[in-house]
Amino acid sequence: MRDRINAEIISKELKVFSNKDKAKILQGFFKTGPGEYAAGDIFIGVKVPEIRPVVNRNLSISLREVRILLVSAIHEERLAALLFLVAKFEKELNNKDEIYNLYIQNTKYINNWDLVDSSAHRIVGAYLLNKDKDILYKLASSDLLWERRIAIISTFYYIKNNVFRDALKISEQLLNDEHDLIHKAVGWMLREIGKRNLSSEEKFLKDYCKIMPRTMLRYAIERFPINKRIAYLKGAI
């Protein structure tokens, strides 16, 4: 019965779509080789459009079973777990505290950019909307790359609601981050701010464009007219 869904059933449903050739491509794309940011992660070659229907027809799964998927060695099972959490967070009124806590307590398993980007703003950002956001600043100071990415991506929820304060402050906090994936995430959030309020983005850029990582700047100015992009890259603004 659908009300007795467990992690094993989800795992079996996902494996129906497994593809060895696709798995090899994904393991290369998501940098799972020795010394890379997702070293050792295991893919079975299931596409996101194949995962979503599995999630959507099994939403009666308990949070206890979702956590089993979240700590799985298989990437697609962890992604399914996060999509379950997002769906439950957005559909259920009574479990938001439990879902948020489950997410925050298991960040070490949310360990690639697709996992973070599909969930952080929709759970952490949404949960903290009218709450103290100190945890975002703590995450932004974490030694764990993925917690730092969770911090900045969570602010996307506020950006979408035209509130930029925390996104800008965390962007400033991450200016000296050494990892390319943080540079890209911050630049992306700055670009999203610019879509809604260009003057807010440009004020930040004028203050920091000469010291921010090049990748961060390139992502932030991606939508600017070519002449303005060149000026920023030359530090002539």
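- Taken to the nearest 0.5 Å, the OG atom of Ser119 stands 9.0 Å off from the CG atom of Asp114.
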(message) Determine whether Lys228 and Glu202 satisfy the following criterion, salt bridge (Lys or Arg N to Asp or Glu O under 4.0 Å), listing intermediate values before the conclusion.
(response) CA-CA 11 Å; Lys228 186 180 283 190; Glu202 288 214 75; 3.0 Å; yes
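- If you chain together hydrophobic residues whose side chains sit under 4.5 Å apart, Tyr219 and Ile226 never meet in one group.
- Proximity of Arg214 to His183: side-chain heavy atoms (C-beta onward) are nowhere separated by under 4.5 Å.
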(request) Any chance you could lay out the side chain to side chain contact (heavy atoms under 4.5 Å, CB included) test for Asp117 and Arg149, step after step, and finish with the verdict? (result) CA-CA 8 Å; Asp117 296 359; Arg149 186 153 176 131; 2.6 Å; yes
Which pairs would a plain distance check flag for residues 26-50, meaning a side-chain donor or acceptor within less than 3.5 Å of a matching protein atom at least two apart in sequence or in another chain?
| from | atom 1 | to | atom 2 | distance (Å) |
| --- | --- | --- | --- | --- |
| Gln27 | OE1 | Phe43 | N | 3.4 |
| Thr32 | OG1 | Gln27 | O | 2.9 |
| Glu36 | OE1 | Thr32 | N | 3.4 |
| Glu36 | OE1 | Gly33 | N | 2.7 |
| Tyr37 | OH | Trp113 | NE1 | 3.3 |
| Asp41 | OD1 | Arg78 | NH1 | 3.3 |
| Asp41 | OD1 | Arg78 | NH2 | 3.0 |
| Asp41 | OD2 | His75 | ND1 | 2.8 |
| Asp41 | OD2 | Arg78 | NH2 | 2.8 |
| Glu50 | OE1 | Lys47 | N | 2.9 |

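- Nearest heavy-atom pair across Leu175 and Met212 is CD2-CB, 3.6 Å.
- With a 6.0 Å cutoff to the six-membered ring centre and a 45° limit on the axis angle, Lys160 counts as a cation-pi contact of Phe156.
- The shortest distance between side-chain heavy atoms of Asp207 and Phe204 does not fall below 4.5 Å.
- Proximity of a side-chain donor or acceptor of Tyr158 to a complementary backbone N or O of Gly125 within less than 3.5 Å is detected.
- Shown here are the side-chain hydrogen bond (donor to acceptor under 3.5 Å, both in side chains) partners of Gln105, two or more places apart in sequence or in another chain: there are none.
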(request) Go through the steps for Leu63 and Lys88 under the test side chain to side chain contact (heavy atoms under 4.5 Å, CB included), then give the verdict. (result) CA-CA 9 Å; Leu63 290 179; Lys88 285 177 172 292; 3.7 Å; yes
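- In this structure, CZ in Arg229 is found 11.5 Å from CZ in Arg223, a value given to the nearest 0.5 Å.
- Side-chain contact between Trp146 and Leu115: absent, with no pair of heavy atoms (C-beta onward) separated by less than 4.5 Å.
- Here the CD1 atom belonging to Ile9 is positioned 12.0 Å from the CG atom belonging to Leu14, to the nearest 0.5 angstrom.
- No donor-acceptor pair under 3.5 Å is formed between the side chain of Ser11 and the backbone N or O of Ala7.
- Counting only distance, with no hydrogens or angles, the side chain of Lys184 and the backbone of Thr215 share no donor-acceptor pair below 3.5 Å.
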Enumerate donor-acceptor pairs with a distance under 3.5 Å from any side-chain N or O in residues 134-142 to protein atoms, sequence neighbours excluded.
| from | atom 1 | to | atom 2 | distance (Å) |
| --- | --- | --- | --- | --- |
| Tyr137 | OH | Asp166 | OD1 | 2.6 |
| Ser141 | OG | Tyr137 | O | 3.2 |
| Ser141 | OG | Gln173 | NE2 | 2.7 |
| Ser142 | OG | Leu144 | N | 2.9 |
| Ser142 | OG | Glu147 | OE1 | 2.7 |

(message) Using the rule given for side chain to side chain contact (heavy atoms under 4.5 Å, CB included), can you reason through Tyr103 versus Leu82, listing the C-alpha separation, both sets of side-chain angles and the distance that settles it, and then say yes or no?
(response) CA-CA 8 Å; Tyr103 192 100; Leu82 292 165; 3.7 Å; yes
(request) Evaluate the criterion side-chain hydrogen bond (donor to acceptor under 3.5 Å, both in side chains) for residue pair Asn101 and Glu98; output intermediate values, then yes/no. (result) CA-CA 5 Å; Asn101 288 328; Glu98 189 177 358; over 6 Å; no
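- The main-chain N or O of Lys22 is found under 3.5 Å from a side-chain atom of Asn19 such that the two form a donor-acceptor pair.
- Ile68 and Leu59 sit in two unconnected hydrophobic clusters of ILVMFWY residues. Membership requires side-chain heavy atoms under 4.5 Å apart, directly or through other members.
- With respect to Glu222 and Arg218, no salt bridge is recorded, no charged nitrogen being found less than 4.0 Å from a carboxylate O.
- Side-chain atoms of Arg165 and Thr155, non-hydrogen and from C-beta on, never get closer than 4.5 Å to each other.
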(request) Go through the steps for Ile150 and Thr107 under the test side chain to side chain contact (heavy atoms under 4.5 Å, CB included), then give the verdict. (result) CA-CA 9 Å; Ile150 287 169; Thr107 52; 3.8 Å; yes
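- The line from OG of Ser171 to CG of Leu190 is 4.0 Å long, rounded to the nearest 0.5 Å.
- Of the possible polar contacts, one joining the Asn197 side chain to the Ser200 backbone as a donor-acceptor pair under 3.5 Å is found.
- Here the CE-NE2 distance, from Met189 to His121, works out to 8.0 Å after rounding to the nearest 0.5 Å.
- Residues Phe17 and Glu76 fail the side-chain proximity criterion, which asks for heavy atoms closer than 4.5 Å.
- Put simply, the side chain of Asn161 never gets that close to the backbone of Val163: no donor and acceptor are under 3.5 Å apart.
- Val55 is not listed as a side-chain neighbour of Ile61, based on a closest heavy-atom distance of 4.5 Å or more.
- Tracing side-chain contacts under 4.5 Å through hydrophobic residues (I, L, V, M, F, W, Y), one reaches Phe164 starting from Trp188; they form part of the same cluster.
- Listed for the Lys133 side chain is a donor-acceptor partner under 3.5 Å among the backbone atoms of Leu129.
- A salt bridge links Glu192 with Arg196: at least one charged nitrogen is closer than 4.0 Å to a carboxylate oxygen.
- Between Ile104 atom CD1 and Ile123 atom CD1 the span is 9.5 Å, to the nearest 0.5 Å.
- With a 4.5 Å cut-off on side-chain heavy atoms, Glu201 and Phe224 count as touching.
- When all heavy atoms of Ala231 and Ile237 are compared, the pair lying nearest together is CB-CD1, 3.6 Å.
- Residues Ser154 and Leu128 have side chains not in contact (no heavy-atom distance under 4.5 Å, counting atoms from C-beta outward).
- Both tests pass for Lys131 against the ring of Tyr127: distance under 6.0 Å to the centre and angle within 45° of the axis.
- In Asn176, the CG atom is not crowded: 12 or fewer heavy atoms of neighbouring residues, nucleotides or ligands sit closer than 6.0 Å.
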